[in-house]
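To start, the structure itself, in structure tokens.
Below, chains carry the letters A, B, ... as their sequence lines are ordered, and counting in each starts from 1. Because the structure is predicted, anything quoted here is derived from the model rather than measured.
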Amino acid sequence: MCPQTVGLVQKACEEVGISTTSISIIDEINQKIHAHRYYSVPYELGFPLGNPKDFENQIKICRNAIQLLT
Amino acid sequence: MLDVYNISKFSHLSLKNKLGLTVYPWKNCKPKFSAKLIKPLSGCNVAIVSSAGLYVKGEQEKFDYKIKGGDFSYRIIPNNISMELLYDSHRSQTFDHSGIRSNPSTGLPIPQLEKLVNDKFIGSINHQHISIMGAITAPGRFIKQSIQPIVHILIADKVDILLFVPI
């Protein structure tokens, strides 16, 4: 349900002019709910930024998600 | 209907959960219109919305797992929070909580965004972020009571970019 919960907030924010981007663990759900903008990651549920000990990779995911806005 | 049985990341779910996800009436989250970012990223103020159910231990209430349909409240997390004070109260048992518990920043990536500010990739991090609990199966109260207050907070803070981190 997380993708839908954040998707609903994302929709409301886009409609008031705030640019948004999201991490996507399950692309099929984001396609189903027509989520506006998301960065797909290959990780399992509970690990949106991958290995909790890999700080550099976590930064890279955040960067790539934000980069979608350009 | 969602083809849950062909989603490998759902292979560990119980039959009951899979069936529930298959027939669930998913909401349409497509915005009627969308914002075009006119500032460069290096000039943008970025906030995070996390659905990991994080709260500040000792200062905020946990998200209540007993609320039918899911706890629709939200928490405001200050940007200068110490990660050790963030605790997970997400009610779903369908995912491994060990990652978030060992490193809460993977649900609310403040340190990671700080690095992006230092690298001048983004301009600034907002002074506060939003934490929600994503397992909301009945989103009516969330839509009516929480989304607009969250949006107003972000507008007042002049947030340019929102990074959503679902769990």
Against chain B, label T70(A) side chain, backbone, both or neither, depending on which of its atoms sit under 4.5 Å from a heavy atom there.
side chain
At a heavy-atom separation under 4.5 Å, does D160(B) approach chain A through its side chain, its backbone, both, or neither?
backbone
Any ring pair (Phe, Tyr, Trp, His ring centres under 6.0 Å) involving residues 61-103 of chain B? Give me the pairs, sequence neighbours left out, ordered by first then second residue.
H90(B)-F95(B), F95(B)-H97(B)
Are the side chains of K11(A) and K32(B) in touch, meaning some heavy atoms are under 4.5 Å apart?
yes
Please tell me whether V165(B) and V46(B) are part of a single hydrophobic cluster in this structure, the criterion being side-chain heavy atoms less than 4.5 Å apart.
yes
Please look at P40(B) and chain A and tell me whether the side chain, the backbone, both or neither of the residue comes under 4.5 angstrom of a heavy atom of that chain.
neither
Could you check whether any side-chain heavy atom of P139(B) comes within less than 4.5 Å of a side-chain heavy atom of Q4(A), counting everything from C-beta outward?
yes
Rounded to the nearest 0.5 Å, what separates atom CD1 in I59(A) from atom CD in E114(B)?
10.0 Å
Non-hydrogen atoms of chain A under 4.5 Å away: do they reach the side chain of F33(B), the backbone, both or neither?
both
Choice from I130(B), L113(B), L41(B), V4(B) maximising heavy atom contacts with chain A below 4.5 Å
L41(B)
Residue pair I29(A), F10(B): steps toward the side-chain contact (heavy atoms from CB on, under 4.5 Å) verdict:
CA-CA 11 Å; I29(A) 293 184; F10(B) 282 159; 3.7 Å; yes
L108(B) reachable from I76(B) in the ILVMFWY side-chain graph, under 4.5 Å edges
no
Decide yes or no on side-chain contact (heavy atoms from CB on, under 4.5 Å) for T21(A) and L163(B), but give the supporting numbers first.
CA-CA 5 Å; T21(A) 185; L163(B) 174 63; 3.9 Å; yes
Look up atom CG in L69(A) and atom SG in C44(B), then write down how far apart they are to the nearest 0.5 Å.
8.0 Å
Looking at SG of C2(A) and CD1 of I136(B), how far apart are the two atoms once the value is rounded to the nearest 0.5 Å?
8.5 Å
Using a cut-off of under 4.5 Å for heavy-atom pairs, which of L21(B), I150(B), I155(B), D3(B) has the most such pairs with chain A?
I155(B)
Close approach to chain A in residues 98-107 of chain B, criterion heavy atom under 4.5 Å:
S98(B), G99(B), I100(B), S102(B), N103(B), S105(B), T106(B)
Name the member of I143(B), L154(B), I161(B) that forms the most heavy-atom pairs with chain A at distances under 4.5 Å.
I161(B)
Return the NE2 to CH2 distance between H34(A) and W26(B), rounded to the nearest 0.5 Å.
12.5 Å
Please determine whether side-chain contact (heavy atoms from CB on, under 4.5 Å) holds for the pair S34(B) and H36(A), giving the CA-CA distance in whole Å, both sets of side-chain angles, and the decisive distance to 0.1 Å.
CA-CA 8 Å; S34(B) 62; H36(A) 182 60; 3.3 Å; yes
Please look at I122(B) and chain A and tell me whether the side chain, the backbone, both or neither of the residue comes under 4.5 angstrom of a heavy atom of that chain.
side chain
Just jot down the salt bridge (charged side-chain N to carboxylate O under 4.0 Å, His left out) partners of R63(A), sequence neighbours excluded, or say none.
D119(B)
Are there over 12 heavy-atom neighbours, none belonging to K39(B), within less than 6.0 Å of that residue's NZ?
yes
For the atom pair OG (S8(B)) and CD (E28(A)), what is the distance rounded to the nearest 0.5 Å?
7.5 Å
What are the two closest non-hydrogen atoms of Q112(B) and C62(A), and how far apart are they?
CB-SG, 4.1 Å
Residue K9(B) versus chain A: region with a heavy atom under 4.5 Å
both
Go through the atoms of Q67(A) and report whether side chain, backbone, both or neither lie under 4.5 Å from a heavy atom of chain B.
both
Using a 3.5 Å cut-off and no angle test, enumerate the donor-acceptor pairs between side-chain atoms of residues 43-56 of chain A and protein atoms at least two apart in sequence or in another chain.
residue, atom, partner, partner atom, Å
Y43(A), OH, N57(A), ND2, 2.9
N51(A), OD1, K53(A), N, 2.8
D54(A), OD1, N57(A), N, 3.1

Heavy-atom closest contact (I147(B) atom, L8(A) atom, distance)
CD1-CB, 3.7 Å
First locate atom CZ of R91(B), then atom CE of M1(A), and finally report the distance between them rounded to the nearest 0.5 Å.
9.5 Å
Single-linkage hydrophobic cluster I77(B)~I18(A), side-chain heavy atoms < 4.5 angstrom:
no
Is Y38(A) reachable from L68(A) through a run of I, L, V, M, F, W or Y residues, each pair having side-chain heavy atoms under 4.5 Å apart?
no
Tell me whether E61(B) at atom CD has more than 12 heavy atoms from other residues, nucleotides or ligands lying less than 6.0 Å away.
no
Decide yes or no for V9(A) and F164(B): does some side-chain heavy atom of the first lie under 4.5 Å from some side-chain heavy atom of the second?
yes
Enclosure of K27(B) NZ (heavy-atom neighbours >12, cutoff 6.0 Å)
no
Would a hydrophobic clustering, with Ile, Leu, Val, Met, Phe, Trp and Tyr connected at side-chain separations under 4.5 Å, put I33(A) with I25(A)?
yes
